[in-house]
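Every chain is numbered from 1 and lettered A, B, ... according to where its sequence line falls, protein lines coming before strand lines. As the structure is a prediction and not an experimental result, all values here were calculated from the model. Reckoned from all heavy atoms, side chains included, excluding hydrogens, waters and symmetry mates.
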Number of protein chains: 2
Amino acid sequence: MDRRKRAEKARIAFTTCACHHIRKASRALTQFYDEKLRPSGLRVTQFNILGAALALEPVTISRLAEAIVTDRTTLTRNLRLLEKHGLIRLTAGKDRRQREITVTADGRRALAKAYPLWREAQVHILSALGPKRWQRLLGELSTLVSLTRQE
Amino acid sequence: MDRRKRAEKARIAFTTCACHHIRKASRALTQFYDEKLRPSGLRVTQFNILGAALALEPVTISRLAEAIVTDRTTLTRNLRLLEKHGLIRLTAGKDRRQREITVTADGRRALAKAYPLWREAQVHILSALGPKRWQRLLGELSTLVSLTRQE
DNA sequence: TGAAATTGCGAGTATATACACTGTTTTCTC
DNA sequence: GAGAAAACAGTGTATATACTCGCAATTTCA
């Protein structure tokens, strides 16, 4: 293959790659939400983990990882940070292999403080799209996730 | 606010957060593409950076960062890795502040080897969606990016 | 009941990401 | 032309991500 063809393929790959576009949007949204959440001291990742933990508590690490579609070992490390800041507690379960996550009073306070800031970011995005486009986008994102899970 | 209401808000936040859903899809797609690309030794991030560099070379770090919508300092570190593996070269430009990126012969070989693997992953996703849904999704992702850029 | 398989989790290692700050070079302005 | 402003890039630090490996507790089953 000559040089020109190779460059052309490279151009196609980087302008059309689905993963690239999703990652790009992910970076942009993360920066946006993080910026809005800054006064709360939580990042959007932490806000989401903490919120999921509160909604599901008491919950084990593996169950929570499954719920938010994150690698378990990634979640372990993210939880360690929340624990260090006193926002969650990790205790041994009945099954001594398991570790149960509970949100502390500080954790609930942090969530309550962050919630209106999150809402501001969320409204900015959702109101611009409108409920119809938003719902459809949500569906497509779910489709993408399941497309990568099935083989 | 009572305990129940707080948990309810937490549940809403983590089930509807736009950022959470995009990040989730991003993780899933990244794992999928990385898995397919594994025999090539490139990750999808590296594949995309290398492809963009080849399409735009010679290009400075800031220009490339702009093109792929990545923080410049992130790109600097990602490029360092590609340089260490001999896939790109970083040379001083005429303007001595700039550093120019060029893809080496090894880099082009790595891209050529990875291309069919990338294509396999890409086809899996795109053929499942079909061109129409894919184009619309691409448009929505662009919209999201610009929604976070404008204030 | 005891060995094998399974389950739950952590550590080691590597990459990706970005904010705040710093230094250097170039350009602009008076 | 000197000083100010802008542009380009690197470092320090912190977080997010996940693969591989390994250990301990539990369950399964012969």
Side-chain angles (χ1 to χ4, degrees), chain A residues 19-20 22-38 41-50 58-66 68-85 87 90-101 148, chain B residues 19-20 22-38 41-50 58-66 68-85 87 90-101 148:
Chain A
C19 190
H20 174 64
I22 287 277
R23 287 180 71 89
K24 188 163 62 177
S26 170
R27 286 193 297 268
L29 271 189
T30 301
Q31 286 179 45
F32 181 71
Y33 277 72
D34 276 353
E35 172 67 29
K36 293 278 189 188
L37 284 176
R38 187 160 312 182
L42 289 180
R43 298 209 174 180
V44 65
T45 308
Q46 300 167 348
F47 176 77
N48 283 322
I49 292 175
L50 204 51
V59 61
T60 67
I61 294 181
S62 290
R63 290 282 165 277
L64 184 56
E66 202 176 318
I68 62 178
V69 192
T70 299
D71 185 87
R72 181 187 52 75
T73 67
T74 299
L75 182 59
T76 292
R77 285 164 159 95
N78 291 346
L79 287 175
R80 187 175 302 160
L81 207 59
L82 295 177
E83 189 188 25
K84 202 176 78 182
H85 292 149
L87 306 181
L90 290 167
T91 55
K94 278 163 275 181
D95 184 332
R96 279 185 307 173
R97 288 170 304 183
Q98 298 179 341
R99 298 234 285 158
E100 290 200 337
I101 305 161
T148 66
Chain B
C19 191
H20 174 65
I22 287 277
R23 287 180 71 88
K24 187 163 63 177
S26 170
R27 286 192 296 269
L29 271 189
T30 301
Q31 284 180 47
F32 182 71
Y33 276 73
D34 275 354
E35 172 66 28
K36 292 279 189 187
L37 283 176
R38 185 159 313 180
L42 289 179
R43 298 207 172 181
V44 64
T45 307
Q46 300 167 348
F47 176 77
N48 282 322
I49 292 175
L50 204 51
V59 60
T60 67
I61 294 181
S62 290
R63 290 280 164 275
L64 184 56
E66 203 176 319
I68 63 178
V69 191
T70 299
D71 185 87
R72 181 185 53 75
T73 68
T74 298
L75 181 59
T76 293
R77 285 167 159 94
N78 291 347
L79 287 174
R80 187 175 301 163
L81 206 60
L82 295 178
E83 188 187 25
K84 202 176 77 181
H85 292 149
L87 306 182
L90 291 168
T91 55
K94 277 163 275 179
D95 183 334
R96 278 185 309 171
R97 290 170 304 184
Q98 298 178 340
R99 296 237 284 158
E100 290 200 337
I101 305 160
T148 66

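- Note on A/R38 versus A/E35: salt bridge recorded, some NZ/NE/NH1/NH2 to OD/OE distance being below 4.0 Å.
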query = Nucleotide by nucleotide, 5' to 3', does protein get under 4.0 Å of the base (B), only the sugar-phosphate (S), or neither (-) in nucleotides 11-17 of chain C, counting heavy atoms?
reply = BBB-SSB
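- Between A/E66 and A/R63 there is a salt bridge, with a side-chain nitrogen of the basic residue lying less than 4.0 Å from a carboxylate oxygen of the acidic one.
- Each of A/T148, A/D71, A/T70 was checked for a side chain to side chain donor-acceptor pair (under 3.5 Å) with B/R27, and the lone residue meeting it is A/T70.
- Using a 4.0 Å heavy-atom cutoff across all strands shown, A/T60 reaches sugar-phosphate atoms only and no base atom.
- Closest heavy-atom contact between B/L75 and B/A65: CD2-N, 3.4 Å.
- For D/dA7, the OP1/OP2 oxygens have no side-chain nitrogen or oxygen of B/S62 closer than 4.0 Å.
- Residues A/I68 and B/K24 fail the side-chain proximity criterion, which asks for heavy atoms closer than 4.5 Å.
- With distances taken from any side-chain atom of B/R97 to the nucleotides D/dA6, C/dT6, D/dA9, the minimum falls on D/dA6.
- As judged by a 4.0 angstrom heavy-atom cut-off over every strand, A/D95 is placed among residues touching the sugar-phosphate backbone only.
- In this model, no side-chain donor or acceptor of B/R99 finds a partner on the base of D/dA9 within 3.5 Å.
- Checking side-chain atoms of B/T76 against main-chain N and O of B/R72 turns up a donor-acceptor pair under 3.5 Å.
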